[in-house]
Amino acid sequence: MNPPRSLTTPAEQVEAIFASRKVRMTLGGEPTLIPVRPEGLEWSVTAVGPTKLGYAYTFSDAIVADVLPGAAIFYSPGKSYPGEVNPRWVLNVLGRKDGRPFIDLPFSSEPVERTVIDKFRRAIGKSLGISAAWIKGTSDETEQSAVWILPLDHDGTDWKSASWKRKVMRLIQVEGPAGLRLPLGEVPEGISRRALTIEWKAGAISVFFPPLLQGPFLKLLEIVNALMTETSATNVRLQGYVPSDEGGVWAKLGVASDPGVLEINIPPCQDWADYARWMHTIERIGTKTGLRSIKVVNGEEFGTGGGNHVCFGGPSTDENPFFTRPGWLTSILRFWQHHPSLSYLFTGMYVGSSSQAPRTDESARDLYDLEMAYHYLESLPAGDHRQIINETLRHLHIDGSGNTHRSEVSFDKFWNTSWPGGALGLVEFRAVETLPRAEAMSAVALLWRALAAVLLAYPYRRPLKSFGTDLHNRYFLPSFLWDDLESVLEFLKKHDINLPPQIYRSIWNWRLPVMLETTIGGATVTIRKALESWPLLCETPVEGGNTSRFVDTSIERIEITADAPVEARFLGRKLPLVEFPGQKVGAGLRFRKSALYPSLHPGIPPQLPLNVDISYEGETRIFQLQADQRHFSGPFETILHKPQPDCRRSSESSVTYDLRLP
């Protein structure tokens, strides 16, 4: 499916700006998918579970069959996190850029005879030109499986097979591939602990690659492919460590386990059209394999809960456009800081300092520190400044605990040479969530890329803006978010980039849905869901003797607007309406929706059902929000609350009131 012309025309103009300045900036994304019927903790909170890997293989096999014929799929170990028993995994789908196949025969579930593993062992040793001292692996599953281990390394010139001084090795009794269950602590000191592992189990063969540089890795893959073709063994899964693409040989797509979702890491895209094609491809293959980017509950659509972070980078570290243009980078950072809609509108409902993507001015950093940093980078002479850019920004673009990854604009993969995978030249925008449709996700990426192009051509040097309490009390509300985004679109329009407002309006409508829309005495009144910042709580003991820090999810925020000066009372308390964008009056309202443990202010009971009576020109209507509802029901006939003191707010300038305040 091709993107609509309303997006392709401005996209072509954006690419023309980059081309005129001889800048090549790649675009990356990582949408998340869930099954049509998500069941179990693996599709809500945990990273791994009984069905997730099966879905990942089904999706990856379909990508190979429909999009990347001849690609190789590698099951690779992922990150380990505190509190998780097993490491996470990722399926790396490697397709050659020159179009030639890595794997000649397509995968099938046709059973492979157990004797085929012996053919693999003999042929691999011969092909590598080494004296293969295979070690037999044993476990409690010996009768149903066969495991063979070959100590294997490459010294840059030749293959080497060290002697581990044993013929049998008992595997560690944990879940996972045999190649990750080797008791490497038993290998004598000073000997290479890298090994190739072959496993036959239930009619399938798995080949686990040790850590290798790209050249030896490709040679070993060539040997395994030839063996698969020679033996007609198609039920073969590749596993192990995938090296970095130093030779620019392949395009890599990752299908990774992540809490509650499958995360799809697309290859770096050279332009927006490439990105849009990948988004539509993922949507199509997801539909084909029983996966989608939405969660449906009681007929209503929600997000998957996973991110779709946008990454800016370069074709290579040698051709990264930011290393020699620190002033362009600060233009982007300054503009994003000025526009909260870019921070809040396209991310999840949970925002703020303890979210996954806090703004720099939400992370306890003084603006003058940021001003000093940006001004210094803007004053640098011509040259490659990757190291000083990284050292200047990485201590500032963090969350409140100092985590460089959990920041709205993250630099933990820019030039962080002390971390594996941290020197990729990437700038990651984390305040972007997976949206229900490929077109919507592509539109957000185009907005990001269009701003980057215009800010390259027209540097943005305005001083950082001190929002104070307005940052949350105004820009958590739908009306102010849309008003700000309109100013962003107008900024692009002034520079001849016309993005269609209607597609962003539809995202706004989906993200901040209507909870009530009614007409009273000729006035139209709308209540929408608003954003909320859930505070981080203190350490709480959890099972196993550990501690955890929860967020207080007991608070909800809504916005009420009207095109006439109506009177609104919530639980009998008048909510004063003030001037709002769009020639309307309105206000925000925070209230307590639950009292789960732990939470702030445990003595204040939930304020649901939330009753509201709205009056205008002698007419009154009463509506009610129940604890298990997303919409106000009614109208009802009887006012359920006597008049109470007006709703209060935390400051005179606030447009958001708090029903919890007495």
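This one's a predicted model, so the numbers in the text were calculated from it and none came from an experiment. The figures that follow rest on heavy atoms only: side chains count, while hydrogens, waters and symmetry mates do not.
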> Could R630 and E300 be called an ion pair, given the rule that one side-chain N must be under 4.0 Å from one carboxylate O?
Replying inline: yes
> Atom CG in L33, atom OG1 in T289: separation rounded to 0.5 Å?
Replying inline: 7.5 Å
>> Is a donor from one side chain sitting under 3.5 angstrom from an acceptor on the other, for S401 and D399?
In response: yes
> If you measure from CH2 on W419 to CG on L424, what distance do you get to the nearest 0.5 Å?
Replying inline: 14.0 Å
> Taking side chain as C-beta onward, heavy atoms only, is W159 less than 4.5 Å from L220?
Replying inline: yes
> Are the side chain of Y350 and the backbone N or O of S354 linked by a donor-acceptor pair below 3.5 Å?
Replying inline: yes
> Heavy-atom distance under 4.5 Å between the side chains of L7 and E439, does that happen here?
Replying inline: yes
> Any side-chain heavy atom of K219 sitting closer than 4.5 Å to one from L212?
Replying inline: no
> Looking at the rings of F322 and F411, which for Trp means the six-membered one, are their centres under 6.0 Å apart?
Replying inline: no
> Please walk me through it: do N92 and S76 pass side-chain hydrogen bond (donor to acceptor under 3.5 Å, both in side chains)?
Replying inline: CA-CA 7 Å; N92 289 303; S76 299; 3.0 Å; yes
> Does the salt bridge (Lys or Arg N to Asp or Glu O under 4.0 Å) test come out yes or no for R284 and D66, once each step is laid out?
Replying inline: CA-CA 10 Å; R284 175 172 59 83; D66 291 10; 3.7 Å; yes
> Out of curiosity, K119 NZ to E113 CD, how far, rounded to the nearest 0.5 Å?
Replying inline: 9.5 Å
> Side chains of V116 and W200: closer than 4.5 Å at any heavy-atom pair?
Replying inline: no
> Looking at F414, does the NZ or CZ of R394 lie under 6.0 angstrom from its six-membered ring centre and within 45 degrees of the ring axis?
Replying inline: no
>> If I compare all heavy atoms of N320 with all of G314, which pair ends up nearest, and what's the gap?
In response: ND2-N, 3.7 Å
>> Are the side chains of W148 and E199 in contact, using a 4.5 Å heavy-atom criterion?
In response: no
> So, for F346 and W448, is the gap between ring centers shorter than 6.0 Å?
Replying inline: yes
> Is it true that a side-chain atom of E319 and a backbone atom of T317 form a donor plus acceptor pair closer than 3.5 Å?
Replying inline: no
> If only atom types and distance count, is the side chain of N403 paired as donor or acceptor with the main-chain N or O of I398 below 3.5 Å?
Replying inline: no
>> Taking the cut-offs as 6.0 angstrom to the six-membered ring centre and 45 degrees off its axis, would you call R96 and W250 a cation-pi pair?
In response: no
>> Keeping S257 on the side-chain end and W89 on the backbone end, is there a donor-acceptor pair under 3.5 Å?
In response: yes
> Any side-chain donor-acceptor pair under 3.5 Å between S109 and N235?
Replying inline: no
>> If only side-chain N and O atoms count, and only distance matters, is there a donor-acceptor pair under 3.5 Å linking E433 with N308?
In response: no
>> Can you confirm whether F217 sits close enough to L94 that some side-chain heavy atom of one is under 4.5 Å from a side-chain heavy atom of the other?
In response: yes
>> Counting C-beta onward and ignoring hydrogens, is there a side-chain heavy-atom pair between L451 and L342 closer than 4.5 Å?
In response: yes
> Atom CD of E230 and atom CZ of F120: how far apart are they, to the nearest 0.5 Å?
Replying inline: 9.0 Å
> Is the F429-W336 ring centre distance short of 6.0 angstrom?
Replying inline: yes
> Should F208 and L196 be marked as a side chain to side chain contact (heavy atoms under 4.5 Å, CB included) after you check the CA-CA gap, both sets of side-chain angles, and the distance that decides it?
Replying inline: CA-CA 6 Å; F208 192 96; L196 173 74; 5.8 Å; no
>> What I want to find out is whether E15 reaches R449 closely enough, with some N-O distance under 4.0 Å, to be called a salt bridge.
In response: yes
>> In this structure, is the centre-to-centre distance between the rings of F209 and Y241 below 6.0 Å?
In response: no
>> For a quick check under 3.5 Å, do H405 and R430 share a side-chain donor-acceptor pair by atom type?
In response: yes
>> Taking salt bridge (charged side-chain N to carboxylate O under 4.0 Å, His left out) as the cut-off, I'd like each qualifying pair that reaches into residues 34-53, sequence neighbours left out, listed once.
In response: none
>> Under a plain distance cut-off of 3.5 Å, with no hydrogens placed, do R359 and S343 share a side-chain donor-acceptor pair?
In response: yes
>> Could you check whether any side-chain N or O of S127 sits under 3.5 Å from a backbone N or O of I124, counting only pairs where one atom can act as donor and the other as acceptor?
In response: no
>> Among residues at least two apart in sequence or on other chains, which ones pass salt bridge (charged side-chain N to carboxylate O under 4.0 Å, His left out) with K160?
In response: D155
>> Please give me the minimum heavy-atom distance between P321 and G313, naming the atom from each residue.
In response: CD-O, 3.6 Å
>> Set out, in order, the CA-CA distance, both residues' side-chain angles and the distance that settles side chain to side chain contact (heavy atoms under 4.5 Å, CB included) for E110 and S232, then state yes or no.
In response: CA-CA 10 Å; E110 187 71 24; S232 299; over 6 Å; no
> Side chains of T32 and T434: do they bring a donor and an acceptor to under 3.5 Å?
Replying inline: yes
>> Set out, in order, the CA-CA distance, both residues' side-chain angles and the distance that settles side chain to side chain contact (heavy atoms under 4.5 Å, CB included) for F59 and I285, then state yes or no.
In response: CA-CA 7 Å; F59 180 88; I285 299 298; 3.6 Å; yes
>> Main chain of A202, side chain of R114: is a donor-acceptor contact present, judged purely on distance under 3.5 Å?
In response: no
> Got a second to check how far W278's CH2 is from N265's CG, nearest 0.5 Å?
Replying inline: 11.5 Å
> Would you find a donor on one side and an acceptor on the other, under 3.5 Å apart, between the side chain of S44 and the backbone of L41?
Replying inline: yes
>> For a side chain to side chain contact (heavy atoms under 4.5 Å, CB included) check, start with the C-alpha distance between L182 and T197, then their side-chain angles and the critical distance, and finish with the verdict.
In response: CA-CA 9 Å; L182 305 181; T197 306; 3.9 Å; yes
> Are R237 and Y57 in a cation-pi setup, meaning NZ or CZ lies under 6.0 angstrom from the ring centre and within 45 degrees of the ring axis?
Replying inline: yes
> Taking 4.0 angstrom as the limit, do K288 and E283 come out as a salt bridge?
Replying inline: no
>> Distance check, rounded to the nearest 0.5 Å: L238 atom CG versus F107 atom CZ?
In response: 10.0 Å
>> Looking at every non-hydrogen atom in both residues, tell me the closest pair between V174 and R181 and how far apart they are.
In response: O-NE, 3.3 Å
>> Whether the S410 and D412 side chains hold a donor-acceptor pair (N or O, under 3.5 Å, no angle test) is what I'd like checked.
In response: yes
> With no hydrogens and no angle check, is any side-chain donor or acceptor of R511 less than 3.5 Å from a backbone partner on L345?
Replying inline: yes
>> Would the distance check show the side chain of D245 and the main-chain N or O of V249 forming a donor-acceptor pair, the cut-off being under 3.5 Å?
In response: yes
> Quick one: does R170's side chain have a donor or acceptor within less than 3.5 Å of a partner on T138's backbone?
Replying inline: no
> Do T304 and S293 get their side chains close enough for a donor-acceptor pair, meaning under 3.5 Å?
Replying inline: no
> Would you call K529 and L512 a side-chain contact if the rule is heavy atoms closer than 4.5 Å?
Replying inline: no
> Can you name the nearest heavy-atom pair linking I117 to A146, along with the distance?
Replying inline: CD1-O, 3.7 Å
>> Check for me whether the distance between the ring centres of Y55 and W43 falls short of 6.0 Å.
In response: yes
